Amino acid sequence: MTKPVRVRFAPSPTGPLHIGGVRTALFNYLFAKKHNGTFVLRIEDTDQNRYVEGAEDYIVESLNWCNIPFDEGPNKNEKFGPYRQSERKHLYKTYADELIKKGHAYYAFDTAETLDFHRKDHEAKGKTFIYNWHNRLKLSNSLALSEEEVKAKLDAEEDYVIRFKSPQDETLHLKDIIRGAIKIDTNVLDDKVLFKSDGMPTYHLANIVDDHLMEISHVIRGEEWLPSLALHYQLYDAFGWNAPEFAHLPLILKPTGKGKLSKRDGDKLGFPVFPLAWTDPKSDDVSRGYKEDGYFPDAMVNFLAFLGWNPGTEQEIFSLEELVNAFDLERVNKAGARFDPDKIKWFNHYYMQEQDNYGLAIAFQNTRTELTAIDTQYIEMVIALVKERASFVSDFWSLSHFFFLAPSSYDEKASKKAIKEDTAGILTNVKALIESVDDFTVDNLQNTVKGWITSNEIGFGKVMMPLRLALVGALQGPDVFDIIYMIGKTETLKRIDGLIAIA
RNA sequence: GCUCUAUUAGCAUAAUGGUUAGUGCAUCCGACUUUCUAUCGGAAGAUAAGGGUUCGAUUCCCUUAUAGAGUACCA
């Protein structure tokens, strides 16, 4: 190992971080920790038009909630700071100028309108307009114009951009850790804008300059950047810098498999695409978040880790620490990973079972006013009984309300199934039976009632179903005798009377 | 259109140049002396298509199809 591992997550603060961004951050984090490296957060806010208030804080909070905090970044351990590109603005122009001096870049004065015209014109003729070697001399730039003309334009403070001069007739050999060798013919590349007329660099320039200055060793980013890799390689070359290693993560696809998961899919498809809920500062629209929907961060991280990666073993449940140990970029998939909301639910169910019942009881208690007066220990016991069928804290109420409140009505379908002509009579007997149990334990209740059923040859369904209906109001819930034990004798008798009255 | 990338069951994926292609989710069926969306047990289900290389390919190569990404003074 020659260089220390330094990776970065470089989102642009244009809104809430979406789940794909979290996955990218996670893979960077895992890679960094695995190699005792540093995980850097850099804010790429070079597009002033798209800047959204609060987005940066949201990103930081999201990483923290997921337990994948950055080591270096805005307001934290600023060795290579500043970490916001807007605050590094002064740097980029110098580097752009250097490229011009070296002949790798040039000034271009074409207006957005003329370029637009060319694009449309070409499209109409069935061609594609590419600003590069084959037409750059016909356009308005410092390669086509004389030195005097250029100087005059610059002196007159005309708007200009700086474009990279992409070479002709070369074959580029790119390397990606996940995808292997990729060959690119430079003739199909265009002369990308490096420096915008508003005085800000584009992503391409800022990214390369910052990655170099921050001594980034590995660039781990989404596949949408793969087409830009050729440019980035050339940029490193033009500066005479050593390029870091690159790894392009597979896209995260919509559950339907058509297209990459986008921010708007959440509301459309009924599951969150953001780690935390987000309120749009302009429209006040609220988007759901995994945290608010009751997902545990460990479950989400575990799920996300398997989006495009797997350990090669059959183990699926991984703590963050285990992920760090097992993670390997070589084992990242090339094909896009479809987002499966059911699977993350499954993970959450698993992590729910691992949670401490008392903690869950408190969380549950806080969600319901009906519970404020109830002893937390009682709630804890209820949780123990219903937890195995819960995936979220919000599931608890529908799974357990009958431990706290008598049924106010009886489920129609269940009533039809459970109530027969002889039901009232049977329940009267059962009521007397339960009343007679002095040592009120689950075992005693069970033995008494079941013994009675067997010796009278009544049939379990005829007794157990109405009894459950009386207690719960529906045919669901944990073991009937657990319920009787929990709510106590008086309440049990009362509820049986309730059903007898209408049976 | 052009460039790049991908393609194992409904989905996520594992493995392999050579007898039954493994696992999880979802599905279906049983069991839990009778609730169940839980748990347990079981079942069904796949190498996109066509060529080639080879004694033999799902695995290597080519073509096609399909899908996705990029093609902005957005990142």
Side-chain angles (χ1 to χ4, degrees), chain A residues 10-14 44-47 49-50 85 108 110-112 115-116 119 122-123 126-130 159-163 174 176 178-179 182-185 187-190 192-204 206-207 221-230 248 250-251 253 255 257-260 303 306-317 331 333-340 342-347 349 353 386-391 395 398-399 414 417-418 450 453-454 459-465 467-469 472 474-480:
Chain A
S12 98
T14 54
E44 309 226 328
D45 53 354
T46 53
D47 186 354
N49 301 322
R50 297 208 304 154
Q85 290 184 329
D110 317 87
T111 64
L115 292 177
D116 232 36
R119 279 192 197 103
H122 275 66
E123 202 180 327
K127 289 195 243 169
T128 309
F129 175 78
I130 307 178
D159 274 356
Y160 67 88
V161 299
I162 297 175
R163 285 182 181 271
L174 315 178
D176 179 275
I178 296 166
R179 285 149 217 282
I182 300 168
K183 271 196 278 187
I184 295 277
D185 175 2
N187 289 343
V188 303
L189 265 24
D190 62 342
K192 276 268 178 296
V193 172
L194 300 178
F195 200 82
K196 302 186 268 190
S197 59
D198 66 358
M200 284 295 242
T202 61
Y203 169 85
H204 303 292
N207 192 261
R221 82 236 289 200
E223 189 186 321
E224 65 269 27
W225 293 111
L226 200 50
S228 308
L229 183 58
H248 291 87
L251 262 10
L253 275 20
K258 303 244 185 233
K260 71 172 178 178
F303 168 74
F306 275 75
L307 240 34
W309 171 86
N310 74 81
T313 65
E314 278 168 19
Q315 185 181 350
E316 284 201 273
I317 300 298
R331 291 205 60 89
N333 294 103
K334 296 182 209 136
R338 203 173 287 205
F339 188 91
D340 181 357
D342 283 338
K343 191 70 188 248
I344 186 169
K345 224 165 146 179
W346 178 80
F347 273 111
H349 178 265
Q353 309 315 311
V386 302
K387 172 189 198 182
E388 74 169 15
R389 52 199 72 188
S391 295
D395 290 340
S398 63
L399 253 19
K417 197 173 167 194
K450 287 190 175 171
I453 293 171
T454 319
F460 278 85
K462 292 201 139 196
V463 180
M464 300 301 283
M465 282 202 283
L467 185 51
R468 179 178 289 280
L469 186 65
V472 175
L475 292 181
Q476 52 168 263
D479 189 87
V480 170

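Predicted model only: the values in this text are computed from it and were never measured.
- In this entry B/rC32 has no Watson-Crick or G-U wobble partner, no candidate having both defining distances under 3.5 Å.
- Across the P atoms, B/rA46 and B/rA6 are found 26 Å apart, a figure rounded to whole Å.
- When distances are taken from the side chain of A/Asp340 to each of B/rC11, B/rA6, B/rA75, the shortest belongs to B/rC11.
- A/Val193 comes within 4.0 angstrom of sugar-phosphate atoms only, judged by non-hydrogen atoms across all strands, and of no base.
- Using a 4.0 Å heavy-atom cutoff across all strands shown, A/Ile182 reaches sugar-phosphate atoms only and no base atom.
- The shortest distance between side-chain heavy atoms of A/Ser391 and A/Trp346 does not fall below 4.5 Å.
- Both distances falling under 3.5 Å, in either a Watson-Crick or a G-U wobble arrangement, place B/rU5 opposite B/rA67.
- Side-chain proximity of A/Leu226 to B/rU34, B/rU5, B/rA38: nearest is B/rU5.
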Carefully, step by step, assess A/Arg163 and A/Lys192 under the rule side chain to side chain contact (heavy atoms under 4.5 Å, CB included). CA-CA 5 Å; A/Arg163 285 182 181 271; A/Lys192 276 268 178 296; over 6 Å; no
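- Classification of the A/Tyr203-A/Trp225 ring pair by plane angle, with boundaries at 30° and 60°, yields parallel.
- Under 4.0 angstrom from either OP1 or OP2 of B/rA75 there lies no side-chain N or O belonging to A/Asn49.
- Across all strands shown, B/rU20 has no partner, as no Watson-Crick or G-U wobble contact with both distances under 3.5 Å is found.
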Determine, step by step, whether A/Arg389 and A/Gln476 satisfy the side chain to side chain contact (heavy atoms under 4.5 Å, CB included) criterion, reporting the C-alpha distance in whole Å, the side-chain angles of both residues, the deciding distance to 0.1 Å, and the verdict. CA-CA 11 Å; A/Arg389 52 199 72 188; A/Gln476 52 168 263; over 6 Å; no
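- With a cut-off of 3.5 Å on both Watson-Crick or G-U wobble distances, the partner of B/rA44 is given as none.
- At a threshold of 4.0 angstrom between heavy atoms, the contacts of A/Glu388 include nucleobase atoms, whether or not backbone atoms are also involved.
- Checking B/rC73, B/rG68, B/rA75 against every side-chain atom of A/Arg50, the shortest atom distance belongs to B/rA75.
- One atom, CG of A/Asp47, and another, P of B/rA75, lie 5 Å apart when rounded to the nearest Å.
- Using atom P as the reference point in both B/rC4 and B/rU63, the two lie 12 Å apart (nearest Å).
- Note on A/Lys196: a side-chain N or O is less than 4.0 Å away from OP1 or OP2 of B/rA75.
- Using the Watson-Crick or G-U wobble rule with both distances under 3.5 Å, B/rU37 pairs with nothing in any strand shown.
- Under 4.0 angstrom from either OP1 or OP2 of B/rA12 there lies at least one side-chain N or O belonging to A/Arg338.
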Evaluate side chain to side chain contact (heavy atoms under 4.5 Å, CB included) for A/Leu251 paired with A/Glu224, printing each intermediate quantity in order. CA-CA 8 Å; A/Leu251 262 10; A/Glu224 65 269 27; 3.4 Å; yes
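- Put simply, A/Lys192 has no side-chain N or O that comes within less than 4.0 Å of OP1 or OP2 on B/rU71.
- As rounded to the nearest Å, B/rU5 and B/rC61 have P atoms that lie 13 Å from one another.
- For A/Asp479 and A/Asp342, each mapped to the nucleotide of RNA chain B holding its nearest heavy atom, the one lying further toward the 5' end belongs to A/Asp342.
- Contact detail for A/Lys417 and A/Leu475: the closest heavy-atom pair is CD-CD1, 4.1 Å.
- Atom C1' of B/rU59 sits at a distance of 11 Å from the matching atom of B/rA21, rounded to the whole Å.
- Taking atom CD1 of A/Ile317 as the reference point, atom P of B/rU23 lies 17 Å away to the nearest angstrom.
- Looking at A/Thr128, its side chain has no donor and acceptor atom pair within 3.5 Å of the base of B/rC2.
- Nucleotide B/rA15: unpaired (no Watson-Crick or G-U wobble partner with both distances less than 3.5 Å).
- Annotation: B/rG45 and B/rC28 have their C1' atoms spaced 11 Å apart (nearest Å).
- Between the P atom of B/rG70 and the CD atom of A/Glu224 lies a distance of 7 Å, rounded to the nearest Å.
- Considering only side-chain N and O atoms, A/Arg389 lies nowhere under 4.0 angstrom from the phosphate OP1 or OP2 of B/rU39.
- Considering all non-hydrogen atoms of both residues, A/Ile184 and A/Leu174 come closest at CG1-CD1, 3.8 Å.
- Between the P atom of B/rA6 and the CG atom of A/Asp176 lies a distance of 10 Å, rounded to the nearest Å.
- When heavy atoms are screened at a 4.0 angstrom cut-off, A/Asp110 is found touching base atoms of the nucleic acid.
- Here the C1' atom of nucleotide B/rA69 and the CZ atom of A/Arg221 are 13 Å apart, to the nearest Å.
- Taking the nucleotide of RNA chain B with the nearest heavy atom to each of A/Val188 and A/Pro201, the more 5' of the two is matched to A/Val188.
- For A/Asn310 and B/rU13, the shortest distance from a side-chain N or O to OP1 or OP2 is not below 4.0 Å.
- Distance noted for atom C1' between B/rC32 and B/rG68: 46 Å (whole Å).
- Nucleic acid contact class of A/Ile184 (heavy atoms, under 4.0 Å, all strands): sugar-phosphate only.
- When rounded to the nearest whole Å, the span between CG of A/Asp190 and P of B/rU71 equals 9 Å.
- One finds a side-chain N or O of A/Arg119 lying less than 4.0 angstrom from the OP1 or OP2 phosphate oxygen of B/rC73.
- With a 3.5 Å ceiling on both atom-pair distances, the Watson-Crick or G-U wobble partner of B/rC25 is B/rG10.
- Distance check on atom P: B/rC29 versus B/rU53 gives 49 Å, rounded to whole Å.
- No donor-acceptor pair under 3.5 Å is formed between the side chain of A/His248 and the backbone N or O of A/Lys334.
- The P atoms of B/rA12 and B/rA26 are separated by 15 Å, rounded to the nearest whole Å.
- No contact: A/Asn207 has no heavy atom under 4.0 Å from any strand.
- Residue A/Lys343 is in base contact, counting any heavy-atom pair closer than 4.0 Å across all strands shown.
- Contact between the side-chain N/O atoms of A/Lys450 and the OP1/OP2 oxygens of B/rU34 is found at a separation under 4.0 Å.
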Using the rule given for side chain to side chain contact (heavy atoms under 4.5 Å, CB included), can you reason through A/Met200 versus A/Gln85, listing the C-alpha separation, both sets of side-chain angles and the distance that settles it, and then say yes or no? CA-CA 9 Å; A/Met200 284 295 242; A/Gln85 290 184 329; over 6 Å; no
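- One interatomic measurement links the two molecules: CD of A/Glu223 to C1' of B/rU7, which rounds to 13 Å at whole-angstrom precision.
- Looking at the side chain of A/Leu251, the nearest of the listed nucleotides B/rG68, B/rA15, B/rA12 is B/rG68.
- A/Lys345 has its NZ atom 13 Å from the C1' atom of B/rC25, to the nearest Å.
- With B/rC25, B/rA75, B/rC73 as the candidates, the nucleotide lying closest to the side chain of A/Tyr203 is B/rA75.
- At the heavy-atom level, A/Gln476 lies under 4.0 Å from base atoms of the strands shown.
- Of the possible donor and acceptor atoms, none in the side chain of A/Arg221 sits under 3.5 Å from a partner among the backbone N and O of A/Leu226.
- Within 4.0 Å (heavy atoms only), A/Thr46 reaches sugar-phosphate atoms of the nucleic acid but no base atom.
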